Engineer: 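Dropping the structure in here first, questions after.
Every number for a ligand or one of its atoms is a count from 1 in the order of the listing. Just so you know, these numbers come straight off a predicted model, no measurement behind them.
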Amino acid sequence: MKKLVLLALVVLLSLSMTGAFAQGTVNVYNWYDYIADEAIALFEEETGIKVNYMNFTLNEDMLVQVRNSTGNIDVVFPSDYAIERMIAEGLLQEIDFAQVPNSVNTLEWLQNPDYDPEHKFSIPYMWGTVGILYDTTKVTEPVDSWGVLFDEKYQKDVFMMDSPRDALGVALKYLGYSVNSKNPLEIQAAANLLIEQKQKGIVKAYQVDETKDKMINGEAALALVWSGDAQYAINENEDLAYVVPKEGSNVWVDGMVIPANAANYENALKFIDFLCRPDVAQMNAEYIEYSSPNKAAIELMGEEYTSNPNLNPSQETIDNCEFFHDNNDIKLLYDTYWGMVKNAK
Ligand code: N2P
């Protein structure tokens with residue numbers, strides 16, 4: 001009998017060490033196509049914590065969900081300007097950095113971002129730029145300006161990003177204004193440019209996550225994309241190329257944050273720390289092809305990463321870009337103009 005009890009204990013102990021016992025859950029809300037499936041499986045295996053994974057496409061969609069969540073979201077991945085907004089609305093809780101030891105791997109220039117000035121609420125996950133992905137078999141002229149997206153010769157050959165800040169931001173930049181413009185006349189001019197682009201028949205579709213696969217399949221000549229989606233597509237189709245236009249663009253960081261009402265705070269910290277672990281940060285960066293804020297992961301990736309300007313843009317390129325800032329005070333105007341762009345016939 002004693003032997004049996006002992007055996008049962010040994011079995012229990014080894015089961016719990018392999019994480020076969022559920023240690024609760026963590027509810028993760030992340031962008032589509034933004035993590036390696038393998039990373040989720042590895043976390044579950046190592047910790048026994050079950051990951052409930054949910055996706056969003058835009059910060060604007062994510063914000064609505066987090067505002068209305070009832071504690072059912074534990075980790076979210078908003079961009080800089082959305083983090084700024086979430087802090088302002090009291091939607092986030094402070095991160096206990098002592099429980100996220102791997103966050104020491106964050107690159108210096110991303111350690112004290114102005115969207116989280118006291119560095120209390122967020123840890124960078126990935127970063128990147130906004131630019132043009134183009135098919136060199138269809139676009140033979142050199143591409144260095146946003147102007148190419150508005151050129152009538154590319155009839156039904158341009159995929160635009162179905163994202164108000166990205167699309168209006170690019171139009172603002174092309175006109176020589178800031179991506180954070182609060183000047184109604186500038187925002188109107190940007191919207192008019194997008195409306196004309198649509199009315200001239202240049203836009204093939206407004207979309208987001210579908211663009212990378214459609215570009216791989218040669219379905220358009222040009223597309224407005226985020227850098228990682230561009231690199232992902234380039235890996236699959238060598239005729240594709242990516243450029244951050246000379247007029248400048250948006251540079252962004254997506255952070256990891258914990259909603260104020262998250263039900264599983266401890267598990268959220270474990271998940272965030274896991275994603276900051278060098279081997280896991282490498283696994284994710286190599287899978288999704290975005291830029292890593294994790295210096296230890298960058299070292300592991302080596303030359304292949306550092307020599308790729310799409311992933312590791314020059315300081316000059318970064319300095320020519322702007323971060324988005326929270327534009328809540330003028331959001332109604334942006335939304336109104338964006339509605340006009342989307343409804344233009
Ligand atoms: C990838 C999402 C990229 C995040 N689907 C852009 N901030």
Engineer: I'd like to know if the side chain of Gln231 pairs up with that of Asn235 as donor and acceptor (distance under 3.5 Å, no hydrogens or angles considered).
Structural biologist: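 Side-chain D/A pair, Gln231 to Asn235: present.
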
Engineer: Applying a strict under-4.5 Å side-chain criterion to I, L, V, M, F, W and Y, I'd like to know whether Leu311 and Val251 cluster together.
Structural biologist: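 Hydrophobic grouping puts Leu311 with Val251.
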
Engineer: Would you tell me whether Ser122 and Asp116 have side-chain atoms, one donor and one acceptor, within less than 3.5 Å of each other?
Structural biologist: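 A pair is found: one side chain offers a donor N or O, the other an acceptor, under 3.5 Å apart.
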
Engineer: Run the side-chain donor-acceptor check on residues 161-168: report pairs under 3.5 Å with partners two or more places apart or on a different chain.
Structural biologist:
from, atom 1, to, atom 2, distance (Å)
Asp162, OD1, Lys342, NZ, 2.7
Asp162, OD2, Lys342, NZ, 3.3
Ser163, OG, Asp166, OD2, 2.6
Arg165, NH1, His325, O, 2.5
Arg165, NH2, Val179, O, 3.4
Arg165, NH2, Asn180, OD1, 3.0
Arg165, NH2, His325, O, 3.4
Asp166, OD1, Trp226, NE1, 3.3

Engineer: Regarding Thr25 and Asn52, do their side chains bring together a donor and an acceptor under 3.5 Å, going by distance alone?
Structural biologist: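 On atom types as modelled, these side chains do not qualify, holding no pair under 3.5 Å.
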
Engineer: Strictly under 4.0 angstrom, heavy-atom based: which residues surround ligand 1?
Structural biologist: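 Shell around ligand 1 (4.0 Å, heavy atoms): Trp31, Tyr32, Tyr34, Ser79, Asp209, Trp226, Asp229, Trp252, Asp254, Tyr290.
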
Engineer: Where does the angle between the aromatic ring planes of Trp109 and Phe323 fall among parallel (under 30°), tilted (30 to 60°) and perpendicular (over 60°)?
Structural biologist: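 It falls in the tilted class, 30° to 60°.
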
